[in-house]
There are 2 protein chains.
Amino acid sequence: MKKQNMEHTRLLVLGLLSSGDMYGYQMIVELERRSDGTFAMKEGTLYPVLHGLEKDGLVDAYEQAAPTGRMRKYYRLTRKGKEALKTEAQDWRRYAAAVDAVLGVSFA
Amino acid sequence: MKKQNMEHTRLLVLGLLSSGDMYGYQMIVELERRSDGTFAMKEGTLYPVLHGLEKDGLVDAYEQAAPTGRMRKYYRLTRKGKEALKTEAQDWRRYAAAVDAVLGVSFA
DNA sequence: TCCTATACCTCGAGTTTCTATGTATTCAGC
DNA sequence: GCTGAATACATAGAAACTCGAGGTATAGGA
């Protein structure tokens with residue numbers, strides 16, 4: 001059983017939140033939808049990452065009741081989080097371009 | 001000190017070898033060159049990966065003397081390795097496209 | 001002679017992700 | 001009313017990966 005490569009978790013979470021506040025479970029569903037089934041993030045991966053982002057001040061959280069009455073914990077990008085997203089997205093593009101360069105992908 | 005993301009090591013090594021046999025040290029130098037300085041793979045990363053690829057039958061190795069007389073251990077893609085490269089390169093493209101989709105990158 | 005580059009390698013630490021598990025609520029179907 | 005699936009949060013331990021540090025050795029230039 002090979003490990004799934006999900007190492008850009010922080011970037012992905014920040015990217016999701018840049019389109020609006022979300023709660024954990026929603027991120028997992030939304031991530032799978034936007035990636036067309038490629039990303040299936042596990043809860044055991046997401047929640048520790050969210051708590052880490054919160055501790056680092058890149059997101060903050062607030063509780064809000066769902067229409068059903070259930071409590072949801074929404075996460076929101078802070079200004080610091082927006083800056084981090086910008087930086088990490090650039091890093092990602094550089095990384096992806098470098099992999100393509102090594103693989104000899106031609107864009108001509 | 002943040003860890004550098006180097007998790008697609010196997011793919012990168014297979015990609016390098018698809019352009020010709022190489023020895024370990026050469027791969028590190030070549031990887032840095034092709035990626036324009038983005039990838040600085042450490043020896044502590046590369047050698048265990050090479051040995052793993054060999055164990056899995058994706059590469060095989062042979063010794064050959066350099067013009068200086070020093071011994072070098074060259075690695076060569078096996079047929080199985082070429083197939084693995086094809087698969088992993090596809091996985092990579094799918095992965096990269098999925099990240100871009102989540103980040104909302106537009107190619108229009 | 002000494003330092004840098006070349007060339008191979010391993011071990012232990014640190015980080016990340018997964019699996020497994022736990023708790024609790026809501027809703028659809030029976 | 002009961003049951004199972006989906007929703008929603010969370011943590012602990014295992015597994016995987018990479019890095020830093022160290023070891024060995026040769027070649028070449030200052």
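Just so it is clear: chains get the letters A, B, ... in the order the sequence lines come, proteins before strands, and each one is counted from 1.
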[X]: which residues meet the side-chain contact (heavy atoms from CB on, under 4.5 Å) condition with it, sequence neighbours left out?
| X | answer |
| --- | --- |
| B:A98 | A:S35, A:T38, A:F39 |
| B:A96 | A:W92, B:W92 |
| A:E83 | A:R79 |

Sorted by number, the residues of residues 21-30 of chain B with heavy-atom contact under 4.0 Å to DNA chain C: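 Within this stretch, B:Y23, B:G24, B:Y25 sit under 4.0 Å of the strand.
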Partners meeting ring-ring contact (aromatic ring centres under 6.0 Å, His included) with B:Y23 (sequence neighbours left out):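 Scan of B:Y23 (ring-ring contact (aromatic ring centres under 6.0 Å, His included), adjacent residues dropped) gives B:Y74.
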Between C:dC9, D:dC19, C:dT19, which nucleotide gets closest to the side-chain atoms of B:K42?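 For B:K42, the side-chain atoms sit closest to D:dC19.
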Of the listed nucleotides C:dT10, C:dC8, D:dT11, the one nearest the side chain of A:H51: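 The listed nucleotide nearest to A:H51's side chain is D:dT11.
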Sort and list the pairs that fulfil salt bridge (charged side-chain N to carboxylate O under 4.0 Å, His left out) and have at least one residue in residues 46-60 of chain A, not counting sequence neighbours. A:R10-A:D56, A:D60-A:R76
Would you mind listing every salt bridge (charged side-chain N to carboxylate O under 4.0 Å, His left out) that reaches into residues 16-26 of chain A, with sequence neighbours excluded? none
Residues which pass salt bridge (Lys or Arg N to Asp or Glu O under 4.0 Å) with [X], listed by chain and number, not counting sequence neighbours:
| X | value |
| --- | --- |
| A:R93 | none |
| A:R94 | none |
| B:R34 | B:E30 |

Side-chain N or O of A:Y47 closer than 4.0 Å to phosphate OP1/OP2 of D:dC9: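 The answer is yes; a side-chain N or O of A:Y47 sits under 4.0 Å from OP1 or OP2.
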When you check the phosphate oxygens OP1 and OP2 of C:dT16, does a side-chain N or O of A:T45 lie under 4.0 Å from one of them?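 Checking A:T45 against C:dT16: no side-chain N or O falls below 4.0 Å of OP1 or OP2.
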To the nearest 0.5 angstrom, please state how far the CG atom of B:L12 sits from the OG1 atom of B:T45. 11.5 Å
Would you compute the distance between atom CZ of A:R33 and atom CD of A:Q26 and round it to the nearest 0.5 angstrom?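 Here the rounded value is 10.0 Å.
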Integer-rounded Å distance: [N] [atom2] and [X] [atom1]:
| X | N | atom1 | atom2 | value |
| --- | --- | --- | --- | --- |
| A:L50 | D:dC9 | CG | C1' | 11 Å |
| B:L53 | D:dA16 | CG | C1' | 15 Å |
| B:D56 | D:dA16 | CG | P | 12 Å |
| A:R72 | D:dC9 | CZ | P | 8 Å |
| A:R10 | C:dT17 | CZ | C1' | 14 Å |
| A:M71 | D:dA10 | CE | C1' | 17 Å |
| A:L46 | D:dA8 | CG | P | 13 Å |
| B:L31 | D:dT18 | CG | P | 12 Å |

Spell out protein contact along nucleotides 21-30 of chain D as letters: B when the base is contacted, S when just the sugar-phosphate is, - when no protein heavy atom is under 4.0 Å; keep the 5' to 3' order. ----BBS---
Write out a two-atom table: protein N or O, nucleotide N or O from nucleotides 2-5 of chain D, distance below 3.5 Å.
none

Looking at side-chain heavy atoms only, is the closest gap between A:L16 and B:L103 below 4.5 Å?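 Not touching, per the 4.5 Å side-chain cut-off.
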